[in-house]
Amino acid sequence: MENTVISASILSADLCDLGSEIGRAEKAGCKYIHFDVMDGMFVPNISYGIPVLGSVSKRTECVLDVHLMITDPIRYIKAFAENGADIITFHLEACSDAKAVIDEIHSCGKKAGISIKPGTPASALEPYLEFADMILIMTVEPGFGGQGFNYDMLDKISTVKTMLSERGYDVPIEVDGGINEVTAPLAKKAGAEILVAGSYLFNAPDMGTAVRKILDQ
Ligand code: DX5
Ligand code: ZN
């Protein structure tokens, strides 16, 4: 059970009080901080970026799990790497040469995550599985917190899990979007090990209890 990791998405935190919000997530038992970067092009929203990551990295011992929802991500890999990212995840749909992006992330000494949107089939990941350090399966359309979990993605999680184990790759699957105490056990059962949670955690009356509810099921 405890091989599940929770990645707290600070998109739903009180951004005026980010330091203490991160402290709250750490104290509640989140091992990763999920940092959503949006450019208003790949997704219809704009969040925060490189200088904010630099400040966050000085305030936490958690793994910094950077989710790039930006067009042509190769342009900014080095900057995110130099500002504290541990895992850098990009969208397959946002670039023309995914292998080059993975190589750039690795050349910066960071872990490479590959993400797909709900409409992108699992098979699109196939050529890159051997190079990935993490696969992120979106369970909502990227761009906003607080959306409902897309249950059709459970089959996709299982499919990717099978693709990885058939090839003997020990690569964790992360899921992002609509994770709560109801959907977390389903995602875990399908094969996800890293669960991103934003609104469920930061809006909970007690974040520690919310984390336990996800981990203990
Ligand atoms: C959405 C982001 C998510 C978002 C998840 O595009 O990638 O990380 O913060 O929020 P919840 O957990 O509220 O669905
Ligand atoms: Zn995200």
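Computation of the quantities below employed the complete heavy-atom set of this structure, encompassing side-chain atoms and omitting hydrogens, waters and symmetry-equivalent molecules. Residues take their numbers from the sequence shown, with the count starting at 1. As the structure lists them, so they are numbered: ligands from 1, and atoms in each ligand from 1.
Checked by atom type, the side-chain pair Asp36/Ser9 shows a donor-acceptor distance below 3.5 Å. A donor-acceptor contact closer than 3.5 angstrom links the side chains of Thr183 and Asn180.
Between Arg75 and Glu104 there is no salt bridge, since no side-chain nitrogen of the basic residue lies less than 4.0 Å from a carboxylate oxygen of the acidic one.
Take Asp72 and apply the salt bridge (charged side-chain N to carboxylate O under 4.0 Å, His left out) test, not counting sequence neighbours, and it matches no residue.
The ligand atoms of ligand 1 that sit less than 4.0 angstrom from a heavy atom of His34 are 8 (O). Of all the atoms in ligand 1, the ones that sit under 4.0 Å from a non-hydrogen atom of Leu11 are 9 (O). Atoms of ligand 1 lying under 4.0 Å from at least one heavy atom of Met69, given by number and element, are 6 (O), 7 (O). Ligand 1 places these atoms under 4.0 Å from at least one heavy atom of Pro142: 6 (O). Near Gly146, with a cut-off below 4.0 Å to any heavy atom, the atoms of ligand 1 are 10 (O), 11 (P), 13 (O), 14 (O). Shown in contact with Ser199 at under 4.0 Å from a heavy atom are these atoms of ligand 1, numbered in order with element: 11 (P), 12 (O), 13 (O). Contact atoms of ligand 1 toward His67: 7 (O) (distance under 4.0 Å to a heavy atom of the residue). Against a heavy-atom cut-off of under 4.0 Å, Gly143 is close to the following atoms of ligand 1: 1 (C), 6 (O).
When the heavy-atom distances from atom 5 (C) of ligand 1 to Asp176, Asn180, Val196 are ranked, the shortest goes to Asp176. Nearest to atom 1 (C) of ligand 1 by heavy-atom distance, out of Phe144, Phe202, Phe149, is Phe144. Distances from atom 9 (O) of ligand 1 to the heavy atoms of Ser9, Ala197, Gly198, Gly178 show the closest one on Ser9.
Of the residues Ile46, Ile70, Leu68, Asn45, the one that meets the side chain to side chain contact (heavy atoms under 4.5 Å, CB included) test with Asp39 is Ile70.
Here the side chains of Lys161 and Glu193 are in contact, with some heavy-atom distance below 4.5 Å. Residues Met138 and Met153 have side chains not in contact (no heavy-atom distance under 4.5 Å, counting atoms from C-beta outward). Here the side chains of Tyr200 and Ser12 are not in contact, with every heavy-atom distance at 4.5 Å or above.
A distance of 12.5 Å separates OH of Tyr32 from CD1 of Ile6, quoted to the nearest 0.5 Å.
Of the N or O atoms in Met138, none lie within a sub-3.5 Å distance of an N or O in ligand 1. Considering backbone and side-chain atoms alike, Gly177 places every N or O at 3.5 Å or more from each N or O of ligand 1.
Listed for the Thr4 side chain is no donor-acceptor partner under 3.5 Å among the backbone atoms of Leu215. Looking only at distances, no side-chain donor or acceptor of Thr139 sits under 3.5 Å from a matching main-chain atom of Phe149. Between the side chain of Lys111 and the main chain of Met134, no donor-acceptor pair closer than 3.5 Å is present.
Closest protein heavy atom to atom 10 (O) of ligand 1: Gly145 CA, 3.5 Å. Closest to atom 2 (C) of ligand 1, if we only count protein heavy atoms, is Asp36 OD1, 3.5 Å.
Distances from ligand 1 to the non-hydrogen atoms of Tyr200 include no value under 4.0 Å.
Legend: protein N/O/S atoms lying under 2.8 Å from the Zn ion (ligand 2), waters omitted, number 4.
Other residues, nucleotides and ligands contribute over 12 non-hydrogen atoms within 6.0 Å of the CZ atom of Phe202.
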Quick one, Glu26 with Arg59, criterion salt bridge (charged side-chain N to carboxylate O under 4.0 Å, His left out). Give me CA distance, side-chain angles, the key distance, then yes/no. CA-CA 11 Å; Glu26 285 181 351; Arg59 288 291 285 269; over 6 Å; no

